[in-house]
Amino acid sequence: MSRYERCAYDATAIVQIVDGLMIVRDDARRIRWGRTPGGFRLADPWPDPEEAGYVRQWLSGGNRVLVIVGPRHAADAWPEELDSPCAGKYLTGAAGQGMCEVGVEPLSWVRDCLPGGTGDSSAAGTGTAPGGTAGNGPGGAADAQGDWIRLGNLTIWRRANTRSLCPHELYEARRRSLSGVAS
């Protein structure tokens with residue numbers, strides 16, 4: 001059993017494997033912090049090379065991955081938390097009241113995780129992908145639930161909703177991903 005395997009749905013995990021499906025949440029959870037004697041500092045964003053290799057190995061084995069892309073990819077940080085060698089790997093902006101906003105580029109990690117390093121992670125922003133299919137989320141209308149994109153064994157679900165997934169929504173997403181249905 002890998003470190004990502006879970007018996008039940010864990011809404012806080014970045015990556016987990018449930019019933020043979022790897023689920024990756026591409027949102028602000030990818031921002032990682034490290035504890036230092038002076039407080040918290042930015043650490044390398046998810047995935048690091050080992051984690052990317054694990055996803056690549058999973059896909060190379062013929063297994064499926066469901067990527068749930070959330071609408072928020074940023075978090076607030078104090079300027080001193082940006083004093084880190086990893087800070088250049090994040091997008092930054094002003095958040096007000098002395099705070100800064102740090103973020104990750106959605107799907108920026110996908111190309112490195114695909115077997116052979118192929119794929120175009122920028123295609124996900126357009127709603128279509130080379131060799132893939134696009135459609136609506138499990139709830140129907142694309143503007144309510146988000147868009148679906150399939151790249152081989154990789155399914156990307158771009159959610160428009162900011163609330164956490166309910167277990168029944170995850171079950172439906174899992175069913176669609178494993179059955180190959182993208183619309």
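Keep in mind that the numbers below use all heavy atoms, side chains included, and drop hydrogens, waters and symmetry copies.
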Stepwise side chain to side chain contact (heavy atoms under 4.5 Å, CB included) test for Asp76 and Cys100: CA-CA 6 Å; Asp76 292 336; Cys100 297; over 6 Å; no
Residues Val102, Leu82; criterion side chain to side chain contact (heavy atoms under 4.5 Å, CB included); working and verdict: CA-CA 9 Å; Val102 295; Leu82 301 178; 3.1 Å; yes
Heavy-atom check, side chain of [X] versus side chain of [Y], under 4.5 Å:
{"X": "Leu42", "Y": "Trp33", "result": "yes"}
{"X": "Tyr54", "Y": "Val15", "result": "no"}
{"X": "Ile31", "Y": "Trp46", "result": "no"}
{"X": "Met22", "Y": "Val55", "result": "yes"}

Steps toward side chain to side chain donor-acceptor pair (under 3.5 Å) verdict (Trp109, Asp26): CA-CA 9 Å; Trp109 57 274; Asp26 189 338; 2.8 Å; yes
So, taking the atom named [atom1] in [X] and the one named [atom2] in [Y], what distance separates them when rounded to the nearest 0.5 Å?
{"X": "Thr155", "Y": "Leu21", "atom1": "OG1", "atom2": "CG", "result": "8.0 Å"}
{"X": "Leu154", "Y": "Ile149", "atom1": "CG", "atom2": "CD1", "result": "9.5 Å"}
{"X": "Arg30", "Y": "Glu105", "atom1": "CZ", "atom2": "CD", "result": "9.0 Å"}
{"X": "Arg32", "Y": "Phe40", "atom1": "CZ", "atom2": "CZ", "result": "14.5 Å"}
{"X": "Thr92", "Y": "Glu101", "atom1": "OG1", "atom2": "CD", "result": "9.5 Å"}
{"X": "Arg150", "Y": "Leu66", "atom1": "CZ", "atom2": "CG", "result": "9.0 Å"}

Minimum-distance pair of heavy atoms, taken over all atoms of [X] and [Y]:
{"X": "Cys86", "Y": "Asp44", "value": "SG-OD1, 3.3 Å"}
{"X": "Ala74", "Y": "Ala28", "value": "O-CB, 3.6 Å"}
{"X": "Leu59", "Y": "Cys113", "value": "CD1-O, 3.8 Å"}
{"X": "Ile14", "Y": "Arg29", "value": "CD1-O, 3.1 Å"}
{"X": "Ser84", "Y": "Glu81", "value": "CB-O, 4.4 Å"}

So, does [X] use its side chain to make a donor-acceptor pair with the main chain of [Y] at under 3.5 Å?
{"X": "Trp157", "Y": "Val69", "result": "no"}
{"X": "Gln16", "Y": "Ala13", "result": "no"}
{"X": "Asn153", "Y": "Gly62", "result": "yes"}

Test side chain to side chain contact (heavy atoms under 4.5 Å, CB included) applied to Leu107 and Val67, step by step: CA-CA 9 Å; Leu107 301 172; Val67 180; 3.9 Å; yes
CA sep, side-chain torsions, deciding dist, call: Val65, Val24, side chain to side chain contact (heavy atoms under 4.5 Å, CB included): CA-CA 7 Å; Val65 174; Val24 178; 4.0 Å; yes
Asp27/Arg25 ion pair, N-O < 4.0 Å: no
Polar side chain donor-acceptor pair, Arg41 to Thr36, under 3.5 angstrom: no
